[in-house]
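Reminder, nothing fancy here: chain letters follow the sequence lines and each chain counts from 1.
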Amino acid sequence: MKPSLPKGTRDFGPQQMLKRNYLFGILRRAFERYGYQPLETPAMEKLSTLTGKYGEEGDKLLFKILNNGDYLAKADREALAALDAQRLTPSISKRGLRYDLTVPFARYVAMNRHELSFPFKRYQIQPVWRADRPQRGRYQEFFQCDADVVGSDSLMYEAELVLLYDTVFTEIGLSVEIRINNRKLLQGLAESCGIADRFVEMTVAIDKLDKIGSEGVLEEMKKRGIDGAAATRVLERLAEGKAPAGELPKGWKDFLRNSPVGKKGLAELEEVFAYLEDRTLQQAVVFDPSLARGLSYYTGCIFEVVAVDGQMGSLGGGGRYDELTNLFGLPGVSGVGISFGVERIYDLMEEKGLFPEELSGQLQLLLIALDEESHRHAFGLLETLRGEGISADLYPQPAKLKKQMKYANASGVPYVLMVGEEERVSGSYTFKDMRSGEQKQCSLEQIVINLASGPPSQDSL
RNA sequence: GUGGGCAUAGCUCAGUUGGUUAGAGCGCCGGAUUGUGGUUCCGGAGGUCGUCGGUUCAAAUCCGAUUGUCCACCCCA
C-alpha cells in the first residue's frame, strides 16, 4: 500500500512546526496582552449546532461523522431507497467537524452564560474542516485564529481590534491595509437606492469591486435581479472610493440623510475613528465602502486585512454580530471579533523570508564524539547542558567525523561541539559555529554562557 | 458543486509521426580527505512512466474510466 494523505490535508514537519509555533506565539502573546483568554472546543460538534449557521452553501461543506455501530439499522429507509442523501443524513449522522470557531464559541457562550462575566474576551487557535475543493492556500483542514469579545456593544472594541491587527502584522513584519466598513452603512446604501429587498445580492456583488471592476459589478448586480438604474446609483456612490480612516467622505452624510440605519452606520464608523484618532498605527487603516464580506451574520462594523503588495487575498477579517447567540437561545448579547488567516499569513511570511533564522524549540547544539570513551564523556556533558536549559543532542555513535558533520549540517543545528581525546583530557572543547565555520576551544562554562539565553544571537561567537 | 490543465527517479522536469536497454539537473550513497559539514573532482544506486481497462505486431506516447494535484468559477481563510 502506498501511503498518502486525504485530499486537502497536510503534515507539518519539524521545520514547518517551528515556524508555525513562532507565528502562533506572536498571536498568542498579543491576544493575552490585549486581555483575551484562551479557549478550546472539541473538533466535533453536534450537527444540530452546526447546520443552518453558514447558509445553504456552508451546510454542503460540513464534514459529517457517520454514527457508530450499525448505523444503517436506524437509517431513514425511505430516504435510502429514494437515494436522497440530504434526507438520509440526519438518520445516520448526528455529529460533524467544526466549520469555523465562531459558531462553537457562540454555543460555548450560550451554554456557560451563568458562569461567564461579560464582556467576555476569548481567543482560539484550532483547526477547522471544510469539504471544499482544495486550491492554493485553501485546504480541507486548516487553522483558524480568532479573537472575539461578547457581551458589550461598546465601539471601543472595534477600535481595539484594529489596534490588535496593527500590532500583530507589525510584529510579523508584513505591510497590510486594514479596511473598515459598516453593514448598516451598506443597508443605508441599498435603501437610498431603493433596493433594500436586494441587500444581500448587492453586498455579494460590490464585494467583488476590487476584482472585477465597476462594469463587472454592474453586470453581477443585474444578474442578481437588481434594477440597472439602481445598480448604477450604487456604483456612483462607491465611485468616491476608499478614504483614510478618520476622513469619512462628506458625500455619504448627504446621501444617507433619509436612511436612519445608514446614518447609524456612519455614526458608528465616526466613533470608531474617534477612538483611533490619536493612536499610533504602523499599518494603513482605510474606510472602504465596497467592503461587504459574505458572512450574513455581521450587523455592524466589518473588517478585512489585505497585504499591501500581494495577490494573496484576504489575510483576515471580522466584524460585529448582534444575533449570533440568539440561535442558541441567548438573545441580546452583542459580539465583535476578528480572524487571522494564519495559513495565508504563513505562506506570505515564507515568501518574504520573515521568519527568523533561529527559532525557539530548535536544537541548539550537537555533540560529536570521536571515540568510545569520548562518546560516554559527551553523554555526561548532555546532562549539564540540558540542565542549563540548552537544547542539546549527541550523535549516537562515535562515527567518522565527516559523517557526523554532514548530519549536523543537514539537521540545521547552529552549533557543534567536538569531543575527542584532547578535549576530554583538557576540558576545553572544540565549539564550532556552523554558519560561519569558525571554531574555538571553550570550557563547558563558556559554552553554557554562550547558549543559555535561548536561541543564540548572531554575534555570540 | 461547475468547467479546464497536469500526473515520468526523493525533487524539478525532458522524452520526436506509437518502435530496441526511458534521460538530465538537483538531491542521495561511496571515494578523493582515518579530527571537520556547506565548495570542487571521481564513481554509484535509484523508475510497474499515478492506477485499472481498451486499441495495436508494438503504448510513457492513442482512447476510456478512476484517483491525486493545480487553475478558473461558486464560496471562502
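- Distance from the side chain of Met418(A) is smallest to G35(B) among G37(B), C76(B), G35(B).
- In this structure, CG of Asp100(A) is placed 8 Å from P of A77(B), rounded to the nearest angstrom.
- When the nearest nucleotides of RNA chain B are assigned to Lys400(A) and Ala410(A) by heavy-atom distance, the more 5′-ward of the two goes with Lys400(A).
- Across all strands shown, U48(B) forms no Watson-Crick or G-U wobble pair with both key distances under 3.5 Å.
- Of the candidates C76(B), C75(B), U36(B), U36(B) carries the atom nearest the Lys432(A) side chain, counting heavy atoms from C-beta on.
- For Asn409(A) against G38(B), no side-chain N or O and base N or O form a donor-acceptor pair under 3.5 Å.
- The CD1-P distance, from Ile302(A) to C76(B), rounds to 12 Å in whole Å.
- Atom name P, nucleotides C62(B) and C6(B): the rounded distance is 10 Å, in whole Å.
- Residue-level contact check: Glu423(A) touches the bases, meaning some heavy atom is under 4.0 Å from a base atom.
- Considering only residues two or more places apart in sequence or on other chains, Arg28(A) meets the side chain to side chain donor-acceptor pair (under 3.5 Å) condition with none of them.
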Could you go through nucleotides 65-71 of chain B and list every protein N or O atom that sits under 3.5 Å from one of its N or O atoms, giving the distance for each pair?
unit_1	atom_1	unit_2	atom_2	d
C71(B)	OP2	Arg136(A)	N	2.5

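- If you measure from atom NZ of Lys402(A) to atom P of G35(B), you get 12 Å, rounded to the nearest angstrom.
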* To do: Evaluate the side chain to side chain contact (heavy atoms under 4.5 Å, CB included) criterion for residues Glu268(A) and Glu158(A): first the C-alpha distance (whole Å), next the side-chain angles of each, then the deciding distance (0.1 Å), finally the verdict.
  => CA-CA 10 Å; Glu268(A) 287 182 8; Glu158(A) 270 82 344; 5.7 Å; no
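- Taking atom P in both A59(B) and G18(B), the straight-line distance is 13 Å, to the nearest Å.
- Across all strands shown, Gly437(A) has heavy atoms under 4.0 Å from base atoms, whether or not it also approaches the sugar-phosphate.
- If you check G3(B) for Watson-Crick or wobble pairing at under 3.5 angstrom, you find it paired to C71(B).
- Pairing partner, U34(B): none, since no Watson-Crick or wobble contact has both distances short of 3.5 Å.
- As judged by a 4.0 angstrom heavy-atom cut-off over every strand, Gln404(A) is placed among residues making no nucleic acid contact.
- Looking at heavy-atom distances under 4.0 Å, Thr430(A) makes contact with a base.
- Across the protein-nucleic acid pair, Lys403(A) atom NZ and U33(B) atom C1' stand 16 Å apart, rounded to whole Å.
- With rounding to whole Å, Phe169(A) atom CZ is found 13 Å from A77(B) atom P.
- The P atoms of G3(B) and U66(B) are separated by 13 Å, rounded to the nearest whole Å.
- Side-chain nitrogen and oxygen atoms of Lys208(A) include at least one within less than 4.0 Å of the OP1 or OP2 phosphate oxygen of C74(B).
- On the P atoms, U48(B) is 12 Å away from A22(B), given to the nearest whole Å.
- Rounded to the nearest Å, the gap between the C1' atom of G15(B) and that of U67(B) is 25 Å.
- A donor-acceptor contact closer than 3.5 angstrom links the side chains of Gln441(A) and Thr430(A).
- Closest to the side chain of Met434(A), out of C76(B), G35(B), G37(B), is G37(B).
- At a threshold of 4.0 Å, the pair Glu45(A)-Lys53(A) does not count as salt-bridged, since none of the basic side-chain nitrogens sits closer than that to a carboxylate oxygen.
- With both pairing distances under 3.5 Å, C26(B) is matched to G10(B) as a Watson-Crick or G-U wobble pair.
- Between the side chains of Tyr123(A) and Glu32(A), at least one donor N or O sits under 3.5 Å from an acceptor N or O.
- Residues Tyr415(A) and Asn450(A) have side chains that never bring a donor and an acceptor to within less than 3.5 angstrom of each other.
- Side-chain to base pairing of Gln439(A) with U36(B): one donor and one acceptor N or O lie within less than 3.5 Å of each other.
- Regarding Gln126(A), its CD atom lies at a distance of 16 Å from the C1' atom of A77(B), rounded to whole Å.
- Using a 4.0 Å heavy-atom criterion, one finds that Arg10(A) contacts no nucleic acid atom at all.
- When the nearest nucleotides of RNA chain B are assigned to Lys60(A) and Glu421(A) by heavy-atom distance, the more 5′-ward of the two goes with Lys60(A).
- Rounded to the nearest Å, the gap between the C1' atom of G46(B) and that of G27(B) is 12 Å.
- Annotation for Tyr22(A): atom OH counts as buried by contact number, over 12 foreign heavy atoms lying within 6.0 Å.
- Salt bridge Glu438(A)/Lys440(A): absent, no basic N to carboxylate O contact under 4.0 Å.
- Stacking here means ring centres nearer than 5.5 Å and ring planes tilted less than 30 degrees, and by that measure Phe142(A) stacks onto A77(B).
- Remark: the Asp76(A) side chain and the Ser91(A) side chain contain no N/O donor-acceptor pair separated by less than 3.5 Å.
- Spacing of C1' atoms, U69(B) relative to U33(B), comes out at 45 Å, to the nearest Å.
- Taking atom C1' in both A7(B) and U17(B), one finds a spacing of 24 Å when rounded to whole Å.
- A cation-pi arrangement is present between Arg20(A) and Phe143(A), with the terminal nitrogen or guanidinium carbon under 6.0 Å from the aromatic centre and inside a 45° cone about the axis.
- Between the P atom of C76(B) and the CD atom of Glu141(A) lies a distance of 21 Å, rounded to the nearest Å.
- Between the CG atom of Asp146(A) and the P atom of C76(B) there is a distance of 15 Å, given to the nearest Å.
- Pair check for A60(B) finds none; no Watson-Crick or G-U wobble contact set falls under 3.5 Å.
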